[in-house]
Amino acid sequence: MIEFSNVTKYYEDDVILKGLTFTIDKGELAFITGPSGAGKSTLLKMIYCDELPDKGQIIVAGWDVGKLKQKTIPFLRRNVGIVFQDFRLLPNKTVYDNIALALRIHYMSSRAIKDDVNAVLKEVKLSHKSGTYPPHLSGGEQQRVVIARAMVSKPTVLLADEPTGNLDVENAKAIMALFREINARGTTVLIATHNYDLFHGTGRRVFYIKDHNIEKDTIG
Ligand SMILES: Nc1ncnc2c1ncn2[C@@H]1O[C@H](COP(=O)(O)OP(=O)(O)OP(=O)(O)O)[C@@H](O)[C@H]1O
Ligand SMILES: [Mg+2]
């Protein structure tokens with residue numbers, strides 16, 4: 001589902017990732033970890049075509065993302081849901097509208113949008129907050145809305161960058177349970193985190209990035 005072949009990425013003259021090769025199969029839930037600055041976020045951004053590799057090839061759900069034309073990128077992104085640090089909720093839109101926006105760009109009828117948004121809100125246990133504005137939600141609730149927004153278009157792949165970064169242990173557990181549910185329904189999930197507790201004991205694959213490459217590929 002996600003295939004990196006000999007991928008190298010520079011920012012100006014600095015090499016960030018060098019000769020990266022790995023595969024994540026369809027239906028897997030895997031983790032990327034490693035020290036701050038190792039390139040975890042950069043790696044996820046390349047999957048989403050927000051950054052391009054300088055060398056090598058990245059195939060995501062059948063697309064060669066390094067070679068996508070500008071007009072094809074939205075088709076890739078329809079299949080890739082993201083829960084990113086710098087991709088926040090719109091504060092002046094309700095929870096409902098924040099999620100619905102992700103579907104309106106898909107030209108769905110408002111009836112179909114309503115059904116899908118309500119279903120996903122139920123799943124993240126926030127039906128009662130549908131009309132609330134994000135600044136009036138707790139951190140854990142906001143993060144569940146972000147996940148609902150990523151889930152609502154039923155992506156093939158879900159990418160999460162430090163999804164539990166600002167949350168307490170209980171909220172972090174709830175978020176991880178959500179990812180497991182999403183994954184159990186067939187979505188391939190890739191989570192970048194430096195939080196050992198998130199992957200320890202999960203039995204899932206963990207890629208440890210250090211010195212520009214995968215230093216270890218282990219089971220958490
Ligand atoms: N847009 C950019 N321009 C130049 N350098 C960048 C850019 N984005 C990231 N970098 C650099 O690339 C390196 C990798 O950054 P990245 O954000 O991928 O690390 P990370 O592993 O996600 O770290 P963290 O755990 O702190 O989130 C860092 O040294 C960073 O300073
Ligand atoms: Mg990062």
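In listed order, ligands and their atoms are each counted from 1.
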Closest to atom 16 (P) of ligand 1 (judged by heavy-atom distance), picking from Val15, Leu44, Thr42: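 Closest candidate by heavy-atom distance is Thr42.
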Minimum non-hydrogen distance to atom 22 (O) of ligand 1, winning option of Gly34, Ser41, Gly39, Ser36: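 Nearest option to atom 22 (O) of ligand 1, by heavy atoms: Ser41.
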Checking a contact table here: which protein heavy atom is nearest [atom], and how many Å away?
| atom | answer |
| --- | --- |
| atom 25 (O) of ligand 1 | Lys40 NZ, 2.7 Å |
| atom 23 (O) of ligand 1 | Gly37 N, 2.8 Å |
| atom 6 (C) of ligand 1 | Tyr11 CD1, 3.1 Å |

Is it the case that ligand 1 has an N or O less than 3.5 angstrom from some N or O of Ile16?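 Ile16 vs ligand 1: no N/O contact under 3.5 Å.
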Heteroatom proximity flag, Glu12 to ligand 1, N/O under 3.5 Å: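 So ligand 1 has no N or O lying under 3.5 Å from an N or O of Glu12.
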Under 4.0 Å and counting heavy atoms only, is there anything from the protein next to atom 12 (O) of ligand 1?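 There is a protein heavy atom less than 4.0 Å from atom 12 (O) of ligand 1.
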4.0 Å protein heavy-atom contact status of atom 30 (C) of ligand 1, strictly under: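 Answer no: nothing from the protein, no heavy atom, is under 4.0 Å.
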Has Thr193 got a side-chain atom pairing as donor or acceptor with Asn195's backbone, closer than 3.5 angstrom?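 A pair under 3.5 Å: yes.
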Whether Asn171 side chain and Leu167 backbone form a donor-acceptor pair below 3.5 Å: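 No; zero donor-acceptor contacts below 3.5 Å.
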Aromatic ring pairing Phe199/Phe31, orientation class (parallel under 30°, perpendicular over 60°, tilted between):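 The arrangement is tilted - the two ring planes meet at 30° to 60°.
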Relative to each other, are the rings of Tyr133 and His136 parallel, tilted or perpendicular (30° and 60° limits)?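 Aromatic pair Tyr133/His136 classed perpendicular.
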Sub-4.0 Å heavy-atom approach of Ala192 to ligand 1: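 Distance cut 4.0 Å: Ala192 fails for ligand 1.
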Gap separating the CG atom of Leu121 from the NZ atom of Lys129, nearest 0.5 angstrom: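 Atom-to-atom, Leu121:CG and Lys129:NZ are 12.0 Å apart.
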Do you see a donor-acceptor pair shorter than 3.5 Å between the side chains of Thr8 and Asp54?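 On atom types as modelled, these side chains do not qualify, holding no pair under 3.5 Å.
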Please say whether the positively charged group of Arg77, taken as NZ for Lys or CZ for Arg, lies over the ring of Tyr48, i.e. under 6.0 angstrom from the six-membered ring centre and within 45 degrees of the axis.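 Output yes; distance and angle both within limits.
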Pair Asp217, Tyr208 - check side-chain contact (heavy atoms from CB on, under 4.5 Å), show working. CA-CA 6 Å; Asp217 172 356; Tyr208 184 82; over 6 Å; no
Can you tell me which portion of His194 lies within the under-4.0 Å heavy-atom range of ligand 1? Options are side chain, backbone, both, or neither.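 Side chain only; the backbone of His194 stays clear of ligand 1.
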So, is Ser41 placed with an N/O/S atom under 2.8 Å from the Mg ion (ligand 2), counting both backbone and side chain?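 Ser41 does place an N, O or S atom closer than 2.8 Å to the Mg ion (ligand 2).
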